[in-house]
Amino acid sequence: MSATLVPETGSTASAMRRNFWRGVWRVMRRKPSRMAGVVIIAGFILMAVFGPMLLPAHLPTDAQAITQPPSWEHWFGTDPQGRDVIALVIKGSRYVLLTAAITALITVVVGTAIGLYSGFKRGRWDTVLMRLTDMKLTIPGLPLLLVLATVWQFGSPWQMGLVLGLLGWGGVARAVRAQTLSLRERGFIEAARGLGLSTTHIIGKELLPSMAPYIAMNMLISVTGAVYSQVGLFFLGVLPYESDNWGVMLNLAVFQAGAMITPYALGYLMAPLLAILLLTLGIVLVVDAMDEIFNPRLREE
């Protein structure tokens, strides 16, 4: 009897996965802007992964082409060392996107785990975890990063992503706890508890799938927050210029190349700004589809 049930279960799970991805495809095709968002994000990922591999480790300088305006040879001009600005954007994309991905992963995993467990268990665990979250939310991020910058050079995106992630999970934990408190009183959760299912099973199999769209949106939003945070820190000069980063480009464009007063250096300033704007636009367009993707009733409309 069990031999006949296993294939049916596997077939049912496979059919559900196929139906889900068909629904995702229909949702994305419904608005061309959503597909444009996917293309933009995919383009940035490919640029960060493969772009630096196609460029030399040290970009060639040209003393005859220092801070040149945009041209056919250099679409966004050159920097004060005569390096192509687009090449600098490509090299800096790996640090920016890898840091953002690590930050978003840590933020969402830690915040979701604490929020789910706290909201479901209630009682002493809820009190302890929420007091810990409140303490975390009261820690000012910028002064702490200033102190850490005296110890760490943040030359690795893993270091930067770890610090930003550990500083950013508090808001997600609070929001996930609120969602969990709402869901834990629903009938399907009461039924699961009545059947004597373990807390791990209820959280992992019942609560977590119901919160998938909210968690996915928080992850994408965390990416944009991480990009703004690290670029802002590098631009302010809080962190040393030991890494390729769009924030370093912005700082040098303003304070070294004089982009605010010299039209020739405007391309050096605009290139990283446009990259940040385009990446944010792609994420916003994809977030627009998240609720419809994870809500079957909306997909059917």
Side-chain angles (χ1 to χ4, degrees), residues 41 44-45 48 92-119 125-180 208 211 214-251 272-273 275-277 279-280 283-284 286-287 290:
I41 294 175
F44 272 98
I45 292 173
S93 64
R94 176 173 293 181
Y95 188 107
V96 171
L97 293 187
L98 184 55
T99 298
I102 296 168
T103 301
L105 183 63
I106 294 174
T107 298
V108 170
V109 169
V110 175
T112 300
I114 292 177
L116 276 171
Y117 195 79
S118 176
W125 278 110
D126 183 30
T127 302
V128 171
L129 291 175
M130 284 303 100
R131 294 297 78 75
L132 180 64
T133 302
D134 292 339
M135 289 174 58
K136 157 65 200 63
L137 291 172
T138 59
I139 297 175
L142 182 58
L144 180 59
L145 283 169
L146 289 171
V147 173
L148 291 176
T150 63
V151 181
W152 282 354
Q153 298 301 304
F154 290 104
S156 166
W158 296 94
Q159 294 177 346
M160 175 66 79
L162 176 64
V163 172
L164 292 178
L166 292 178
L167 288 175
W169 58 265
V172 176
R174 270 288 181 188
V176 169
R177 174 182 177 272
Q179 293 287 326
T180 304
L208 196 56
M211 301 182 65
Y214 185 77
I215 294 170
M217 285 188 286
N218 268 283
M219 177 167 282
L220 288 174
I221 293 170
S222 296
V223 169
T224 60
V227 171
Y228 297 152
S229 296
Q230 61 173 303
V231 169
L233 289 170
F234 275 106
F235 172 73
L236 293 173
V238 173
L239 304 177
Y241 301 151
E242 294 188 0
S243 303
D244 294 315
N245 188 285
W246 297 340
V248 174
M249 292 183 64
L250 292 172
N251 181 287
L273 288 177
I276 296 169
L277 177 62
L279 177 61
T280 303
I283 291 174
V284 169
V286 172
V287 168
M290 282 295 175

Is any side-chain heavy atom of [Y] closer than 4.5 Å to one of [X]?
{"X": "Q230", "Y": "L233", "answer": "no"}
{"X": "K136", "Y": "L132", "answer": "no"}
{"X": "R177", "Y": "I114", "answer": "no"}
{"X": "L98", "Y": "W158", "answer": "yes"}
{"X": "M130", "Y": "T133", "answer": "yes"}
{"X": "N218", "Y": "T112", "answer": "no"}
{"X": "T280", "Y": "I276", "answer": "yes"}
{"X": "L250", "Y": "F234", "answer": "no"}

>> Please check: side-chain N/O of S118 versus main-chain N/O of G115, any donor-acceptor pairing under 3.5 Å?
In response: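 Such a contact is absent between S118 side chain and G115 backbone.
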
Spatial distance of atom [atom1] ([X]) from atom [atom2] ([Y]) [nearest 0.5 Å]:
{"X": "W246", "Y": "L97", "atom1": "CH2", "atom2": "CG", "value": "5.0 Å"}
{"X": "I221", "Y": "T107", "atom1": "CD1", "atom2": "OG1", "value": "12.0 Å"}
{"X": "M219", "Y": "I283", "atom1": "CE", "atom2": "CD1", "value": "11.5 Å"}

>> Show every salt bridge (Lys or Arg N to Asp or Glu O under 4.0 Å) that has at least one partner inside residues 106-118, sequence neighbours left out.
In response: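 For residues 106-118, and leaving out neighbouring residues, there are no salt bridge (Lys or Arg N to Asp or Glu O under 4.0 Å) pairs at all.
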
> Are M217 and L220 close enough, and set up right, to give a side chain to side chain contact (heavy atoms under 4.5 Å, CB included), and what steps lead you there?
Replying inline: CA-CA 5 Å; M217 285 188 286; L220 288 174; 5.9 Å; no

Residue pair [X] / [Y]: nearest heavy atoms and the distance that separates them:
{"X": "A104", "Y": "V223", "answer": "CB-CG2, 3.7 Å"}
{"X": "L279", "Y": "F44", "answer": "N-CE1, 3.6 Å"}
{"X": "I106", "Y": "G165", "answer": "CG2-C, 3.7 Å"}
{"X": "A100", "Y": "A226", "answer": "CA-CB, 3.6 Å"}
{"X": "P157", "Y": "T99", "answer": "CB-OG1, 3.1 Å"}
{"X": "G111", "Y": "V176", "answer": "O-CB, 4.4 Å"}

